Structure formats: C-alpha cells, structure tokens
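The block underneath contains the structure these notes are about, expressed in structure tokens.
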Amino acid sequence: MSDFPVEDGRHRLPVQGAVTAAEKREEERFSHADADRMFLRGPNWRTTDLRLLMGTIRDFLRAFRALHFVGPCITVFGSARTPESHPHYQLARKVGAEIAKLGFTVMTGGGPGIMEAANRGAKEVGGRSVGCNIELPMEQQPNPWLDRTVTLQHFFVRKTILMKYSYGFVVLPGGVGTMDETFEALTLIQTGKIRHFPIVLMGVDYWRPLMDFVERMPAAGMIATEDLALIHLTDSVEDAMAHLKDRAIRQFGLRRGQVPEKRLSWLFENRCGKLARQRKD
C-alpha cells in the first residue's frame with residue numbers, strides 16, 4: 001500500500017501546506033551561505049550553475065598550482081576533534097614522523113586534531129607537510145604545521161585532490177568525514193580507478209566493529225573476498241610503516257619519472273616557495 005496519494009494512476013507527494021515567504025527566505029539564506037549547498041540543492045538558474053561550475057574549476061586550478069611540486073604523498077585521515085592530550089593525537093604525531101622518514105610528504109585535510117598531529121610529526125623530523133583545507137560555515141583554520149596549504153570551497157574537489165597526490169592512506173579514528181574519505185579511497189581502488197595503494201586503519205579497538213561489518217559483505221555477495229585485502233588493520237606504527245614501504249614505495253617506483261621537478265617561469269612557478277626535495281632512498 002503506497003504512503004503517497006494517487007491521482008490518475010500517478011504518485012504525487014502529499015500536500016503539506018503552502019510554503020511561506022519566510023520559509024523561502026530562510027531556504028535562500030541557508031543555500032547562499034555555502035557553495036556546496038548551492039551546488040547540491042538541485043537545479044538552479046543556468047547562470048547560477050555556470051558560476052558554480054567555474055567555482056569548481058577555480059578550486060581545482062588553485063589546488064593544482066599549490067600542490068604540483070609537493071612530491072609523492074601519504075594522506076592521513078582522522079578526526080578534527082581529537083585533543084592534543086588524547087593517545088590518538090600522539091599516535092598520529094608518531095605516524096606523521098615515520099611517514100616523513102620514509103621520504104613521503106605528509107598530506108592531511110589541513111585542520112586540527114588528528115590532521116594537525118600528523119602534520120606536526122612530519123615537521124618535527126624535518127619532513128614535508130601539506131594540507132588541503134575546506135571552507136566551512138563554521139570556519140576551520142589551517143593548522144600551523146604546514147609547509148603549504150590550499151583552502152577549497154567544495155568537499156568533492158578536496159577529496160579528489162587528496163586522492164590525486166597520494167600513494168597510500170593511513171586512517172586513524174574519526175567520524176563520518178573520515179569514513180567518507182576512507183570508503184572513497186576503497187571504492188576507487190576496488191573499481192580500478194586508482195592502483196591498489198595501501199589503506200592502513202590504525203586503532204584496532206575503534207575500527208573492529210566496522211571491520212566486522214565489512215567482513216560480512218563477501219558472504220552476502222556484496223564484495224569479493226579478495227577485497228578484504230585492501231584494508232590493513234593494525235595498532236603498530238612499525239607494522240603500518242612496513243606495509244607502506246612494501247606497497248606505497250613500490251607504486252612510487254613505477255612513477256618516479258612522473259613526479260614534476262622542473263618549474264616553468266612562464267607559469268610564474270619560480271615564484272612559488274620551494275619545498276625540500278624528495279629523498280631518493
């Protein structure tokens with residue numbers, strides 16, 4: 001039995017009463033406060049959608065320009081709400097340091113919490129640290145441990161950039177944003193959009209319920225059994241680094257000649273601040 005009224009054999013939404021002028025003004029105020037809201041709210045005027053499209057292109061260009069020379073990255077995902085006193089913050093700080101020692105640039109979402117800790121760990125051992133920050137209605141400031149940062153308007157652009165420059169992913173405890181980024185990476189690997197780059201989940205107790213659910217998927221026919229190998233779950237920093245060394249460095253070896261080094265003066269790239277060069281071993 002349908003929950004919706006039927007008229008002339010077609011379903012239509014139930015009438016909830018006329019929309020008031022005040023509700024319309026509130027909807028417009030809400031949507032105009034954020035570019036993603038405008039983009040995702042449905043059809044706009046064609047001129048508005050064209051302007052929003054140009055905004056996404058501007059986001060991509062800004063990110064390409066800021067991050068073109070950062071070298072191969074390992075991206076660290078995790079909660080922005082984790083305080084410095086929390087063990088997960090200290091774990092992320094150690095992870096950032098060890099990733100930098102492998103010769104990779106540590107990339108994060110550029111915010112506080114786990115992101116800050118990973119960037120901080122990289123800087124404390126003389127490594128490179130970059131952030132891909134996001135504009136939010138409640139402003140998120142980039143953390144102070146970044147050699148370079150780019151702030152974007154659109155979440156989907158930010159996720160694409162985090163994937164584009166990464167040769168592996170380390171995921172510490174976080175919320176829905178962290179899960180979104182993790183499953184984005186898993187989906188791209190599973191569907192062959194990117195190579196089988198390593199995904200390391202750190203925090204066994206935290207992630208165990210999620211892994212229990214994922215491990216039920218093959219029996220239900222939702223994923224292949226071999227897809228479970230896409231995730232490496234551990235509490236050990238040493239084990240995580242060994243996994244990255246085996247998988248990520250191998251991938252970087254495939255593309256070493258593609259990592260850009262030469263700067264083009266006609267694009268004003270010589271004016272960009274130079275980061276330390278990629279370690280070769």
Side-chain angles (χ1 to χ4, degrees), residues 72-82 86-96 98-99 101-109 113-115 117-118 121 132 155-156 158-255:
C73 300
I74 299 293
T75 293
V76 179
F77 298 131
S79 175
R81 303 183 181 190
T82 305
H86 199 286
H88 290 159
Y89 184 102
Q90 300 307 322
L91 177 62
R93 189 171 169 183
K94 185 175 181 181
V95 165
E98 295 302 315
I99 290 172
K101 290 176 183 178
L102 290 179
F104 288 97
T105 298
V106 172
M107 175 178 274
T108 74
I114 295 295
M115 296 175 281
C132 193
F155 262 115
F156 72 91
R158 183 203 200 196
K159 284 195 296 181
T160 301
I161 295 301
L162 290 171
M163 305 298 161
K164 175 177 174 63
Y165 294 98
S166 294
Y167 288 74
F169 310 94
V170 179
V171 186
L172 280 90
V176 292
T178 300
M179 292 182 66
D180 176 43
E181 292 158 341
T182 302
F183 280 96
E184 175 90 2
L186 281 168
T187 300
L188 291 173
I189 293 169
Q190 185 200 47
T191 56
K193 293 296 186 180
I194 60 177
R195 278 191 175 271
H196 182 176
F197 293 158
I199 297 177
V200 180
L201 296 188
M202 300 202 68
V204 173
D205 289 343
Y206 185 86
W207 294 116
R208 187 68 260 173
L210 176 64
M211 287 303 300
D212 288 341
F213 177 75
V214 171
E215 288 166 1
R216 289 166 44 199
M217 292 182 180
M222 300 301 171
I223 63 173
T225 302
E226 53 266 29
D227 288 337
L228 297 177
L230 298 178
I231 305 173
H232 186 75
L233 179 65
T234 185
D235 276 329
S236 167
V237 175
E238 292 74 18
D239 181 42
M241 293 307 112
H243 189 71
L244 291 178
K245 190 172 183 180
D246 178 53
R247 303 291 180 87
I249 290 180
R250 176 178 171 79
Q251 300 293 357
F252 171 49
L254 291 173
R255 302 182 183 178

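If you're wondering where the values come from, they're calculated on a predicted model, not measured in any experiment.
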Do [X] and [Y] come close enough that some side-chain heavy atom pair is under 4.5 Å?
X: Asp227; Y: Ile189; result: no
X: Met211; Y: Leu228; result: no
X: Met163; Y: Phe169; result: yes
X: Glu181; Y: Arg158; result: yes
X: Leu172; Y: Thr82; result: no

Supply the atom-to-atom distance [X] [atom1] to [Y] [atom2], rounded to the nearest 0.5 angstrom.
X: Leu244; Y: Ile99; atom1: CG; atom2: CD1; result: 6.0 Å
X: Leu210; Y: Ile231; atom1: CG; atom2: CD1; result: 7.0 Å
X: Ile199; Y: Leu233; atom1: CD1; atom2: CG; result: 12.5 Å
X: Thr160; Y: Phe155; atom1: OG1; atom2: CZ; result: 13.0 Å
X: Leu91; Y: Ile114; atom1: CG; atom2: CD1; result: 7.5 Å
X: Leu230; Y: Leu186; atom1: CG; atom2: CG; result: 6.0 Å

Looking only at non-hydrogen atoms, find the nearest pair between [X] and [Y] and report the distance.
X: Ile161; Y: Cys132; answer: CG2-SG, 3.9 Å
X: Thr178; Y: Gly174; answer: OG1-CA, 3.4 Å
X: Ala240; Y: Val200; answer: CB-CG1, 3.8 Å
X: Ile194; Y: Ala185; answer: CD1-O, 4.3 Å
X: Gly96; Y: Val106; answer: O-CG2, 3.5 Å
X: Tyr167; Y: Phe104; answer: CB-CE2, 4.1 Å

What pairs with Asp212 under side-chain hydrogen bond (donor to acceptor under 3.5 Å, both in side chains), at least two apart in sequence or on another chain?
->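 Asp212: side-chain hydrogen bond (donor to acceptor under 3.5 Å, both in side chains) contacts with Arg208.
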
Using ring pair (Phe, Tyr, Trp, His ring centres under 6.0 Å) as the criterion, list what pairs up with Phe183, not counting sequence neighbours.
-> none

Qualifying residues under side-chain contact (heavy atoms from CB on, under 4.5 Å), relative to [X], sequence neighbours excluded:
X: Ser236; answer: Thr234, Glu238, Asp239
X: Arg247; answer: His196, Pro198, His243
X: Gln90; answer: Glu84, Arg93
X: Glu226; answer: Ala224

Can you pull the salt bridge (charged side-chain N to carboxylate O under 4.0 Å, His left out) pairs that have at least one residue in residues 161-178, sequence neighbours excluded?
-> none

Show every donor-acceptor pair shorter than 3.5 Å between a side-chain atom in residues 72-80 and any protein atom, with sequence neighbours excluded, or say none if there are none.
| from | atom 1 | to | atom 2 | distance (Å) |
| --- | --- | --- | --- | --- |
| Thr75 | OG1 | Ser166 | OG | 2.4 |
| Ser79 | OG | Arg81 | N | 2.9 |

Kindly write out the residues that satisfy salt bridge (Lys or Arg N to Asp or Glu O under 4.0 Å) with Arg216, not counting sequence neighbours, or none if the list is empty.
->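 Arg216 satisfies salt bridge (Lys or Arg N to Asp or Glu O under 4.0 Å) with no residue once adjacent residues are dropped.
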
For Asp180, salt bridge (Lys or Arg N to Asp or Glu O under 4.0 Å) partners two or more places apart = Lys159

ring-ring contact (aromatic ring centres under 6.0 Å, His included) contacts touching residues 204-223 (sequence neighbours left out) |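 For residues 204-223: none.
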
